Protein chains: 2
Amino acid sequence: MNASSKPERTRLSAEDWEEAALGLIADQGVGALAVEALARQLGVTKGSFYWHFRTREALLLAALERWEQYGEREVLGQIETIADPRERLPELFRRVAHELRPHRVYAALLKALDHPLVVPVMARVSQRRTDFLNTAYREAGLPPEDAINRARLTYAAYVGFLQLNFTLGLPRLGHDEFDAYIEHMIATLIPA
Amino acid sequence: MNASSKPERTRLSAEDWEEAALGLIADQGVGALAVEALARQLGVTKGSFYWHFRTREALLLAALERWEQYGEREVLGQIETIADPRERLPELFRRVAHELRPHRVYAALLKALDHPLVVPVMARVSQRRTDFLNTAYREAGLPPEDAINRARLTYAAYVGFLQLNFTLGLPRLGHDEFDAYIEHMIATLIPA
DNA sequence: GGCGATCCATACTCAAGCGTATGGAAAAGA
DNA sequence: TCTTTTCCATACGCTTGAGTATGGATCGCC
């Protein structure tokens, strides 16, 4: 009967609300973040919510901070363990391309950049990732003035792909078509 | 006193509402499209609106159709007049990069892809543009199986750039920094 | 096993925004 | 000029969703 994973939790914590909020953001967007809807989904009422949070914005802020801290930094962390710098970028692209969940919140926040609370978070996250690409490209042998622009181009391609194929349903590449696209992207963007 | 360009129009037409709607969408997003706000901006009240349109969604639909027909097809039209196919793509990139207004509606609609009315419009527009890039890359000498993926990559980079530098305020490239990025993009994506 | 702290339900208020009803003004035709 | 069509204002109803007030339930603890 209950939508969450733990079907019957007796009491709720603030973290439960934040996690539920992130889930709702992931598959319905920031605009759908309503307290009564969330409460229904958690099997409680507004009374519970306003004990944990002072306002709706407070929940959004807490959820965003939580996402930035816990849910977001995993991807790049694994990559840094790859020894050969020239293998790092292709491996990053292939891994990122075959995961779905981690991108869903990011894609949703991308569509909420008019909201003042999400802008700084997205600015920080995007900047960190672009910086990572920048150093990766330099370590792969690209001259610094090229590396920064290549990093921008790469990350823009990532963001655009999210919008076009994730949110919008553009011709929905088939599995092998998708792999071909990824390999083409690697061949085009990564220096031989 | 009046916000629009024509300060005192005695009567309004449906097209006036559609144009105003596109303007509001361009700089505040689809979510900000409210009839009373629009009416204030046009110097009238709701009574006027509901004479021209049956509902708010009807206005949105009409505005989207208007945008798809009139406001959108200009960019690609100019490019097709360039004789040398190998010069077409660099010229397209440079022109697109130095215009602002035509992208504002597209960027706004990109953030409203959860709305059922905008999805088909954006799907058609994005598909047309990607097709254009596809044939342009083939005419520039790329083998067909590469051309389609290069077109996807290029358009994804465009969309991502819109989100990152337009909507989000990422480190706001300076004028020459921006030009360097464009030239780098041309050098990277367009076959020599 | 009682008691303070924690968590939640119920019942409200309030504001925003869509849509409707109706009458009046202004243009267009005759 | 007089009537008809076109355009708009005012005043309403209705729904949604945020936030508040208050009392009840449950947990931790002594």
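Here is the naming used below: chain letters follow the sequence lines, and residue numbers restart at 1 for every chain. Fair warning: this is a prediction, and the values are worked out from it, not measured in the lab.
If you take NZ of B/K46 and C1' of C/dT20, they are 9 Å apart, rounded to a whole angstrom. The interatomic distance linking A/D16 (CG) with C/dC7 (P) rounds to 10 Å, in whole Å. Protein atom CD of B/Q28 is 15 Å distant from nucleotide atom C1' of C/dG17, rounded to whole Å. Distance CG (A/L59) to P (D/dG17): 16 Å, rounded to an integer number of Å. Distance, A/E57 CD to D/dG17 C1': 14 Å, rounded to whole Å. If you take CH2 of A/W17 and P of D/dA18, they are 11 Å apart, rounded to a whole angstrom. As rounded to whole Å, 13 Å separates atom C1' of C/dC18 from atom CZ of B/R54. As rounded to whole Å, 11 Å separates atom P of D/dA9 from atom CG of B/L42.
Ring orientation note: the planes of A/W17 and A/H52 are tilted relative to one another, at an angle of 30° to 60°.
Of all the heavy atoms in B/A26 and B/V105, the pair that sits closest is CB-CG2, 3.9 Å.
No contact: B/L38 has no heavy atom under 4.0 Å from any strand.
In terms of phosphate contacts, B/T55 brings a side-chain nitrogen or oxygen within less than 4.0 Å of OP1 or OP2 of C/dG19. For the OP1/OP2 pair of D/dC8 and a distance below 4.0 Å, the side-chain nitrogens and oxygens of B/H52 include at least one atom meeting the criterion.
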Quiz prompt | side chain to side chain contact (heavy atoms under 4.5 Å, CB included) between A/E19 and A/R66, worked out | solution = CA-CA 8 Å; A/E19 284 298 332; A/R66 183 179 188 78; 2.6 Å; yes
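The B/R56 side chain lies nearest to C/dC18 when the options are C/dC18, D/dA9, C/dA9. Listed candidates were D/dT20, C/dC8, D/dT10. Nearest to the side chain of B/T45 is D/dT10. Residue A/R11 has its side chain nearest to D/dC27 when only D/dC8, C/dC18, D/dC27 are considered.
Residues A/D131 and A/Q127 bring a donor and an acceptor atom of their side chains to less than 3.5 Å of each other.
Under 4.0 Å is where a charged nitrogen must lie from a carboxylate oxygen, and between A/E139 and A/R86 no such pair does.
Place A/W51 and A/E36 on DNA chain C by their nearest nucleotides, and A/W51 ends up nearer the 5' end.
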